[in-house]
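Every heavy atom of this structure was used, including side-chain atoms; hydrogens, water molecules and symmetry mates were not. One-based numbering along the sequence shown. Everything quoted here is computed from the prediction, not taken from an experiment.
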Amino acid sequence: MAQSHDMMSRKPPGLRLFGSAGSLRTYQTLVLVLTFFAYTCFHMTRKITSIVKSALDPQTKVGFSHWGRLHASNSLNMGWLPFNTVDGSALLGEIDVAFLAVYSVGMFFAGHIGDRMDLRIFLTIGMLGTTIFTTLFGAGYWLNVHNFYYFLVIQMISGLFQSIGWPSVVAVVGNWFGKSKRGLIMGIWNAHTSIGNIAGSLLAAFLLKFGWGWSFAIPSLIMAFVGLIVYIFLPVNPEVMEIDIDSGEFNCEKDTAKEPLLEPGQEVKHKAVGFLEAWRIPGVAPFALCLFFSKLVAYTFLYWLPFYISHTRIGGEYLSDAMAGSLSTIFDVGGVLGGVLAGHISDRLNARAITAASFMYCAIPALFLYRTYGSMSIVWNICLMFITGMFVNGPYALITTAVSADLGTHSSLNGNSRALATVTAIIDGTGSVGAAIGPLVTGYISSKSWSAVFTMLMAAALLAGLLLTKLVCAELKGKVPSNASKDATDTQGTYSNEV
């Protein structure tokens with residue numbers, strides 16, 4: 001009776017109010033939709049500062065005369081103290097690095113806490129906290145704030161709340177979907193990252209004409225609304241909705257997509273996995289280090305691609321800042337396809353490491369070709385940028401979603417399901433350190449040579465692939481039938497059994 005009352009109290013209030021007798025497929029759809037929009041909002045608000053930079057510091061563009069042109073239209077904009085000074089671009093860079101540093105550190109703690117509390121409440125806290133501090137950053141416009149440390153502290157606290165989002169949504173989705181089609185499902189679902197970036201760019205750019213504060217305020221209101229919906233309707237796992245994952249209902253259709261995360265007969269432990277214990281799960285360390293270099297490449301494009309495009313002759317002409325910003329979204333569009341392809345291929349091959357490493361190796365020539373031939377014409381630039389985005393974001397999406405969910409339910413945990421958020425946080429937190437380092441180093445190297453920047457990115461992509469070598473070998477070994485035994489189980493995937 002007490003357990004039943006506890007389950008009832010953990011059900012989302014909206015589902016308690018309107019009834020909660022839906023089918024498994026209904027709950028899975030609801031989870032995908034709610035977590036999709038939730039993380040879209042996280043990326044939408046995260047993208048705002050990169051768009052508003054030109055309004056805060058018009059000298060970011062005017063001062064770089066060695067690029068071959070001046071932006072006369074921006075010179076009419078007086079900017080915003082303290083960012084419209086000689087060192088304004090450096091101050092904005094410090095804010096970016098501070099945000100990403102706190103975000104990456106906070107990720108480790110967020111995963112640890114997420115495995116110990118109701119993820120619906122935890123995710124709501126992250127969304128509302130992000131809403132408040134994103135709004136406070138924009139409030140500096142109306143309050144006439146010109147203190148650098150005000151904006152720095154606001155962004156750091158915002159990064160802390162942002163770190164709650166990813167481990168929470170991956171853990172919730174991982175609770176509801178079995179392994180066999182998890183890569184494809186999460187590859188499609190992971191489009192929220194690119195859609196959030198695109199939505200944040202377009203919305204913030206549109207609102208700039210009303211004053212840069214509105215670019216923060218309106219997206220924040222949207223996030224607050226979605227956060228409220230998440231709190232009211234998000235079912236965290238099948239157990240909360242009183243669905244027995246070992247029962248016939250979970251496998252009512254002969255579809256391996258509904259394979260439970262835990263094997264029948266396994267007993268769920270209620271003690272959450274510790275931080276060091278999660279690091280020792282086979283496969284966590286190499287995938288985390290691979291993501292370090294993968295996100296270094298991806299986030300360098302996220303923060304610097306519009307700037308690179310606007311300062312590079314394409315078809316013999318320089319593009320306007322607005323055109324360069326719009327064109328840069330092609331990279332995210334390619335990333336959507338890359339995430340879906342990587343997930344689908346890894347499902348079909350039952351080989352996450354082979355897929356991720358192959359995409360990273362393919363990213364090397366894609367980066368070279370984009371740097372070498374992307375300036376020939378707009379058409380070439382779009383095509384090569386799309387291909388680059390596909391190969392760069394494909395493994396990034398796969399590792400942060402399906403791989404994290406796989407490892408969070410690894411067989412070495414003996415059925416303990418309370419490791420998803422911790423493992424996700426370790427992998428993405430390590431990746432986020434690379435995400436902070438890449439744009440920072442690019443800021444120094446790009447002033448001397450963009451070719452050197454692309455060389456750095458190609459080296460990072462190579463290291464990302466090489467770090468998975470042991471897992472790739474194990475997966476390949478698992479695909480070759482043993483001479484001593486032709487048992488079909490030898491063809492099963494690998495880092496869960498071989499490593």
Side-chain angles (χ1 to χ4, degrees), residues 32 35-36 39 43 166-167 169-171 173-174 177-195 257 281 283-299 301 331-332 334-364 366 387-410 420 423-432 434-435 460-461 463-469 471-472 474-475 493-496 499:
L32 284 178
T35 53
F36 182 93
Y39 207 69
H43 259 266
W166 189 242
V169 295
V170 172
V173 173
F177 290 90
K179 181 178 178 180
S180 64
K181 290 187 179 179
R182 187 185 288 160
L184 175 60
I185 292 170
M186 286 190 159
I188 298 172
W189 171 77
N190 193 66
H192 52 45
T193 299
S194 298
I195 291 176
I281 296 173
V284 167
F287 272 116
L289 294 174
C290 173
L291 189 64
F292 174 95
F293 292 102
S294 179
K295 287 192 80 168
L296 184 153
V297 178
Y299 269 67
F301 272 88
F331 182 83
D332 289 307
V336 173
L337 179 60
V340 174
L341 281 178
H344 178 64
I345 293 171
S346 70
D347 281 343
R348 293 294 298 272
L349 298 179
N350 193 20
R352 308 289 197 213
I354 291 174
T355 304
S358 298
F359 268 67
M360 290 312 306
Y361 291 140
C362 289
I364 298 172
I387 294 171
T388 303
M390 181 176 67
F391 285 122
V392 168
N393 283 348
Y396 164 30
L398 179 65
I399 294 172
T400 55
T401 54
V403 169
S404 296
D406 290 348
L407 295 174
T409 53
H410 192 271
L420 273 170
V423 169
T424 300
I426 286 174
I427 292 176
D428 202 51
T430 304
S432 295
L463 288 172
L466 291 176
L467 283 165
L468 297 180
T469 300
L471 299 181
V472 168
E475 288 183 345
T494 55
Y495 57 75
S496 60
V499 180

Note, [X] side chain near [Y] side chain (heavy atom, < 4.5 Å):
X: Leu463; Y: Met360; answer: no
X: Asp347; Y: Arg352; answer: yes
X: Phe301; Y: Asn393; answer: no
X: Ile427; Y: Ile399; answer: yes

Considering all heavy atoms of both residues, which atom of [X] and which atom of [Y] are nearest to each other, and what is their separation?
X: Pro395; Y: Ala356; answer: CB-O, 3.7 Å
X: Ala357; Y: Gly465; answer: CB-O, 4.1 Å
X: Ala461; Y: Ile364; answer: CB-CG1, 3.8 Å
X: Phe36; Y: Ile195; answer: CZ-CD1, 3.5 Å
X: Thr388; Y: Ala366; answer: OG1-O, 3.3 Å
X: Ile354; Y: Glu475; answer: N-OE1, 2.9 Å

Criterion side chain to side chain contact (heavy atoms under 4.5 Å, CB included) on Phe359 and Leu398, from CA distance to verdict: CA-CA 10 Å; Phe359 268 67; Leu398 179 65; over 6 Å; no
Donor-acceptor contacts, no H, no angles, side chain residues 183-192, under 3.5 Å, sequence neighbours left out:
from   : atom 1 : to    : atom 2 : distance (Å)
Trp189 : NE1    : Thr35 : OG1    : 2.9

If you look only at distance, which donor and acceptor atoms sit under 3.5 Å apart when one is on a side chain in residues 285-294 and the other is two or more places apart or in another chain?
none

Those residues that, when tested against Asp332, pass salt bridge (charged side-chain N to carboxylate O under 4.0 Å, His left out) (two or more places apart):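 Asp332 satisfies salt bridge (charged side-chain N to carboxylate O under 4.0 Å, His left out) with no other residue.
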